[in-house]
There are 2 protein chains.
Amino acid sequence: MNRIFQSEQEAAAVLRDAGLKATPQRLAILRALSGDVTHPTAQELYERLATHFPALSVATVYNTLAALTRVERCRPLDLGGPARFDPNVAPHDHAVCERCGEIRDVKAAETRPKPRALTGFSVRRVEHIYRGLCAKCAGT
Amino acid sequence: MNRIFQSEQEAAAVLRDAGLKATPQRLAILRALSGDVTHPTAQELYERLATHFPALSVATVYNTLAALTRVERCRPLDLGGPARFDPNVAPHDHAVCERCGEIRDVKAAETRPKPRALTGFSVRRVEHIYRGLCAKCAGT
DNA sequence: TTATCAATTGATAATGAATCTAAATTACGA
DNA sequence: TCGTAATTTAGATTCATTATCAATTGATAA
Ligand SMILES: [Zn+2]
Ligand SMILES: [Zn+2]
Ligand SMILES: [Zn+2]
Ligand SMILES: [Zn+2]
């Protein structure tokens, strides 16, 4: 589960515990991302924050997301197009709507398939991507 | 299985059957890709062909790969980084080595996991990506 | 507090992938 | 052989991301 940080203090503690300086930019980015279930891109986060944080730079958003990734506070997703960032670092899969682009979390498949013919290859993690149409786009 | 076209004639027939003009560029790209098991990028194909085909342009490689994708003769892969192209259009999965980048075909998982909590979402296709270390990189 | 200093920031440049443009060429059917 | 629409090409263009680096600032200790 991803947690929404109620207080700056709580968010600041997370950063310091991870050995990162608690700057206002990082606090804002961490708080914005942690409550977000849409798997936003760096650009989207930037635009959302820039309104109330005029001096923020995209470079800082990228830097912070990379730092948060390093300390396991988020995880980048390569689904085609710009990278997306997921505050939910627990193992789970994704359903991607091919029409509207919505990305939905999917509980990790209970049956993690064990592929055959993978001799010699040591699997560290498995990614499952379900591509199709979300309820809205499917018409019904 | 992906087939290696022995003759230009055979490759030309494939293109025409798909409603595509059989240009020398397309023939070269189709033949180069069809025997390739490494999931090359557009750039890699371009470099490989440019040696014996000096006037070839990258734009043509991209155009041709898009055309071949439209007629189901190849399939683009988004695994992070530049798009890769797979001449094997039969359903199968991929194992990606996190050290050397090798991408290996994996027989489609026999147990296509049926995710729960996917209510309303109509799945068209599922992608499985196994990330880890190939035999060479795993040391032993 | 204040001083110190390495970490961080932000503006901008640089890179890389992919697409677009428009003019020149060409496959192929008449 | 000719005419024409499809295709190719080089270069410009867009978009995502990373690199650069001087200026700023958070954390720590005096
Ligand atoms: Zn949708
Ligand atoms: Zn997710
Ligand atoms: Zn390897
Ligand atoms: Zn493959």
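Numbered from 1 within each chain, the chains take letters A, B, ... in sequence-line order. Side chains included, hydrogens not; waters and symmetry mates left out as well; all remaining heavy atoms used.
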Among [options], the nucleotide that comes nearest once only the side chain of [X] is considered:
X	options	answer
T64(B)	dG10(C), dT8(D), dG26(D)	dT8(D)
P82(B)	dA27(C), dT8(C), dA17(C)	dA17(C)
S57(B)	dG26(D), dT17(D), dT9(D)	dT9(D)
A59(B)	dG10(C), dT7(D), dG11(D)	dG11(D)
R26(B)	dT8(C), dT8(D), dA27(D)	dT8(D)

Base, sugar-phosphate, or nothing for [X], non-hydrogen atoms under 4.0 angstrom?
X	result
A22(B)	sugar-phosphate
A83(B)	sugar-phosphate
Q43(A)	nothing
P76(B)	nothing

Who does dA6(D) pair with, Watson-Crick or G-U, both distances under 3.5 Å?
dT25(C)
Under 4.0 Å between a side-chain N or O of [X] and OP1 or OP2 of [N]?
X	N	answer
T60(A)	dT8(C)	no
Y62(A)	dT17(D)	yes
Q25(B)	dT26(C)	no
T41(B)	dA17(C)	no

Could you tell me which non-hydrogen atom of [X] sits nearest to which non-hydrogen atom of [Y], and how far apart they are?
X	Y	answer
D78(B)	L79(A)	OD2-O, 4.2 Å
F121(A)	C134(B)	CD1-CA, 3.6 Å
L133(A)	C97(A)	CA-SG, 4.0 Å

Rounded to whole Å, please give me the gap between [atom1] in [X] and [atom2] in [N].
X	N	atom1	atom2	result
L27(A)	dT9(C)	CG	C1'	14 Å
E44(A)	dC15(D)	CD	P	15 Å
D17(A)	dA27(D)	CG	P	12 Å
L77(B)	dA17(C)	CG	P	17 Å
Y46(B)	dT19(C)	OH	P	17 Å
L68(A)	dT8(C)	CG	C1'	14 Å
R16(B)	dT26(C)	CZ	C1'	14 Å
L15(A)	dA27(D)	CG	C1'	14 Å

Between Q25(A) and N63(A), does the side-chain contact (heavy atoms from CB on, under 4.5 Å) criterion hold? Intermediate values first, please.
CA-CA 11 Å; Q25(A) 294 86 336; N63(A) 284 338; over 6 Å; no
Hey, which of these two, N63(B) or F85(B), hits DNA chain C nearer its 5' end, going by closest nucleotide?
F85(B)
Could you go through E44(B) and R84(B), starting from their C-alpha distance and side-chain angles, then the distance that decides it, and tell me whether this counts as side-chain contact (heavy atoms from CB on, under 4.5 Å)?
CA-CA 9 Å; E44(B) 283 166 357; R84(B) 301 188 158 271; 3.6 Å; yes
Whether the H39(B) and D105(B) side chains hold a donor-acceptor pair (N or O, under 3.5 Å, no angle test) is what I'd like checked.
yes
